[in-house]
Trainee: 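Quick one: this structure, given as structure tokens, is what I'll be asking you about.
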Amino acid sequence: MIRVEGLELTLGDSDVLTGVDLRVGKGEFVGLVGPNGAGKTTLLRCINGVLEPDGGAVRVEGRRVAETPADAVSRLVATVPQDGSVAFDFTVERLVEMGRTPHRSRLDWSDGSDAVEEAMERTGVTRFRERGVGSLSGGERRRVLLARALAQETPALLLDEPTASLDIDHQVRVLGLVTDLVSEGQAALAAIHDLDLAARFCDRVCLLSTGEIRAAGPPAEVLTADALETVFGTAAAVGVDPATGTPTVTALRDRPERDLHVHVAGGGRAGARAVSALWRAGCVVSLGPVPAGDVAAETARGLDCPVVTAPAFGEPETPAVTEELDRLLGGVAVCVDTGGPGSDIARERAETGGRARGPSRVLSVAEGENPVAAVLDDDEVFAPDTA
Amino acid sequence: MRTTARVATWSVGLLGALCVAVVGSAMVGPVALSPGTVARASLNAVGIPTGVNFNTAAAGVGSLSMPVPSVDLQYTYVFDFRVSGSAETIVRTLRLPRTALAAVVGFSLAAAGTVMQGFFRNPMADPAIIGVSSGAAVGAVATIALPLSLPFGLQTAAFVGALVTAFAVYLIASEGGRTPVATLLLAGVAVQTLLGAVISYLLLQSGESLEQAVLWLMGHLYNSTWGDVGATLPIAVLSFVLLLTYAREMNTLLLGEEDAHTLGVEVERTKRLLLAAASVVTAAGVAVAGVIGFVGLVVPHIMRLLVGPDHRVLLPASALGGATFLVLADTLARAGPEQLPVGIVTAAVGAPFFLYLLRKREVHAL
């Protein structure tokens, strides 16, 4: 449906897009994510023909956009703009009706059509059709602009930050509607700031940075802590949203570098809290053994920390688990026991020692106690370094 | 109400208002006439062109001469009411041509003002914004002030000056096939300033013809003839019809050029056409009447308050409203003991009214 090949664009002296390849198929919702200034909006503007690329080609349904007249392009691609500043006061109905412009001749001044009615109905703006656009809230206005794009009845739909500055209800409604349209056969490409929403609603996401696609594929494969740190330049934790089961990204402040390896024993909420707190404090964290699917394990994976997992049911202490645990414990300075599931195993292995290297201390952290403070305030933790 | 019905309602209503204004205006003067007399005499003046003669006359300077084709229309007059001879002469040859010219000029300026305000998405835009009026003024004042005898009249000089200026501003502001609106606006302001200097210099050099030049700059409708009406009306009507066919495009341009493009409008081509048509309409009006200010600014505003921003309704309503407004303003200008240039009246009436709207917060962005 939408096919972008080797797209290059220079604005002024800077290369904005350098060799972008992208495909959006029929019935597919692709999210375009990336930091500010990555070229997301520019890419959309090349696809709808507002900008003419310097190299490469954009094809929609096989037609090259750069060589197609504007009215023909507007019957192929509809665009929901970021947010029109309201320098006019058309009624909602008139504005939605402007979406029919590409389908009407210059002298056809008739009003309304089934397409307009349906577009207003689907976006839920029918009840304020007579109101001026200037009197609407941001969320309502965005829906009106979406209705206008629907009235265009195009096979492809572009959305530029469709959820920016919307409340959570409107965010989900707008993207839910796009998902519905896509399931009816439209192709949709949206520049989305919110990575969680992109992960939740898009079939695929493309990670765009400095004018290049860095990664593309299903959200769970593209949105990894590693890729996000490279592209956004900030540490991020990737977890799984408990309600939707899709990846959820939490950006973290730059954390201090601390050459202190800490092993967390015990899973559950206490374990998860200890992992993330110690990680944020700059420690190198490992975890285990915990039952597979434990919340602490998810947290640790989201932070790219090594985890030893034991089968959720059955014998927890298999030789493979012990071996992996010993390997991790061999490199740590301190083991923190949170008392969660599996903590006894780790504690036992840490205390039996008998290895050349291993934790010099095992600390117990009670519920409600700050694991970071417990580790850093413990004098003996640093004993090996000072010795 | 459907858009087409709204267009028809407003157009018919304002056309009626215009007719009333025309008849009312023709009653006013040193000899007061009754409405019945004016109406009968006016109807007697209504002619339908039934035949055409083509003449080829030579015009030129010295050995350079080129044939200028001219068209003579033959009219058949439909009505033949009984009106006293003097009344008929006053109405048909003195008052009606002036009133008709006021209507045509008001129509042109208000239509052009509507287009420019929409085009620039700026409520302070008026037909003169890209230097059309200044260019016309240079042409006219040069003809009046300089000891040149040109082979064509003042009006042609003004018309040509207006179009050359508009085109120059367009060229200055265009780069690589694109004409950013902001650049156009600034280029227009700069060129107007430059031409203002030229006009001031010409005025200093004009000697005895200074009064005539200043009068032209104020905008007046003295000594209007049916010939002026005949020269202006076709240009105004044709350009207006062309603009009207682009009403939909103008609506989408109000949303911004990028939105207009995604809705299938060839933005740059449409902008060129709108600029050209609006400039021609303005030039036609300014050439015969001088620089009449405020019609093109205030009338579109008032009409937008009444009918909304949809150009399909707004453009005809503004044009007809402008015609009515200028007819009334000119009636006021010549009703007093001393005739005033109509430009003074439009500014004196228009500016306070605009300020009133501004204070009432009725005037905001488009």
Side-chain angles (χ1 to χ4, degrees), chain A residues 41 44-45 47-52 65 68-91 93-112 130 132-134 144-145 148-149 151-152 154 156-160, chain B residues 1-8 11 117-123 125 176-178 181 241-271 273 304-305 307-316 362-366:
Chain A
T41 301
L44 294 183
R45 291 167 79 195
I47 296 173
N48 67 21
V50 168
L51 291 176
E52 207 168 309
V65 168
T68 311
D71 59 332
V73 173
S74 63
R75 285 189 288 268
L76 295 173
V77 190
T79 309
V80 181
Q82 204 153 13
D83 190 19
S85 62
V86 184
F88 50 87
D89 206 11
F90 288 104
T91 61
E93 189 178 357
R94 286 281 158 279
L95 191 68
V96 175
E97 203 178 278
M98 285 190 200
R100 297 305 295 164
T101 310
H103 299 275
R104 284 183 176 153
S105 86
R106 188 182 301 292
L107 297 175
D108 177 4
W109 280 10
S110 58
D111 301 309
E130 294 298 334
V133 179
V144 172
L145 291 174
R148 190 185 79 190
Q152 268 178 267
T154 54
L157 184 63
L158 305 181
L159 304 103
D160 194 358
Chain B
M1 207 191 310
R2 307 202 73 75
T3 305
T4 39
R6 290 186 65 215
V7 175
S11 301
Q117 285 177 5
F119 181 95
F120 283 99
R121 293 206 283 159
N122 186 329
R178 284 183 183 247
V181 165
V241 170
L242 180 65
L243 287 172
L244 205 54
T245 62
Y246 274 80
R248 226 183 237 295
E249 275 87 342
M250 279 187 259
N251 287 346
T252 57
L253 276 175
L254 277 188
L255 308 181
E257 292 184 15
E258 200 167 318
D259 276 25
H261 188 279
T262 64
L263 290 172
V265 175
E266 294 281 1
V267 172
E268 291 302 326
R269 200 183 68 199
T270 306
K271 276 161 66 184
L273 184 133
R304 196 175 285 111
L305 291 178
V307 307
D310 189 337
H311 281 95
R312 293 174 292 181
V313 190
L314 178 61
L315 190 58
E362 296 281 6
V363 177
H364 19 236
L366 304 175

Trainee: Among Ser74(A), Gly49(A), Pro102(A), which has the most heavy-atom pairs under 4.5 Å with chain B?
Mentor: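 Among the listed options, the one with the most contacts to chain B is Ser74(A).
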Trainee: Could you tell me which non-hydrogen atom of His261(B) sits nearest to which non-hydrogen atom of Ala70(A), and how far apart they are?
Mentor: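 Taking His261(B) first and Ala70(A) second, the nearest heavy atoms are NE2-CB, 4.2 Å.
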Trainee: Of the backbone (N, CA, C, O) and the side chain (C-beta and beyond), which part of Thr68(A) lies under 4.5 Å from a heavy atom of chain B, both, or neither?
Mentor: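 Neither part.
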Trainee: Heavy-atom cut-off 4.5 Å, strictly under: side chain, backbone, both or neither for Val7(B) against chain A?
Mentor: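 Just the side chain, heavy atoms under 4.5 Å.
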Trainee: Below 4.5 Å from any heavy atom of chain B, which atoms of Glu97(A) appear? Answer side chain, backbone, both or neither.
Mentor: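 For Glu97(A), the side chain is the part near chain B, not the backbone.
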Trainee: Within the 4.5 Å heavy-atom criterion, are Leu255(B) and Arg148(A) side-chain neighbours or not?
Mentor: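 SC-SC contact between Leu255(B) and Arg148(A) confirmed.
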Trainee: Quick one: pull up CG in Leu95(A) and CG in Leu254(B) and give me the separation to the nearest 0.5 Å.
Mentor: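 If I round to the nearest 0.5 Å, the distance is 10.5 Å.
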Trainee: Who passes side chain to side chain contact (heavy atoms under 4.5 Å, CB included) against Arg248(B), sequence neighbours left out?
Mentor: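 Checked Arg248(B) against side chain to side chain contact (heavy atoms under 4.5 Å, CB included); matches are Thr101(A), Arg104(A), Arg312(B).
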Trainee: What pairs with Ala78(A) under side chain to side chain contact (heavy atoms under 4.5 Å, CB included), at least two apart in sequence or on another chain?
Mentor: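 Ala78(A): side chain to side chain contact (heavy atoms under 4.5 Å, CB included) contacts with Ala149(A), Gln152(A), Thr154(A), Leu157(A).
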Trainee: Given a strict heavy-atom distance threshold of 4.5 Å, which part of Glu257(B) is in contact with chain A: side chain, backbone, both, or neither?
Mentor: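 For Glu257(B), no heavy atom lies under 4.5 Å from chain A.
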Trainee: Heavy-atom distance under 4.5 Å to chain B: side chain of Val73(A), backbone, both or neither?
Mentor: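 For Val73(A), there is no contact with chain B at all, as no heavy atom is under 4.5 Å.
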Trainee: Looking at side-chain heavy atoms only, is the closest gap between Val50(A) and Thr262(B) below 4.5 Å?
Mentor: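 A side-chain contact under 4.5 Å exists here.
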Trainee: Ignoring hydrogens, what is the shortest heavy-atom contact between Thr3(B) and Trp109(A)? Give both atom names and the distance.
Mentor: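 Scanning both residues completely, I find the closest heavy atoms to be CB-O, 4.2 Å.
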Trainee: Once you round to the nearest 0.5 Å, how far does CG of Asn48(A) lie from CG of Asp259(B)?
Mentor: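 If I round to the nearest 0.5 Å, the distance is 9.5 Å.
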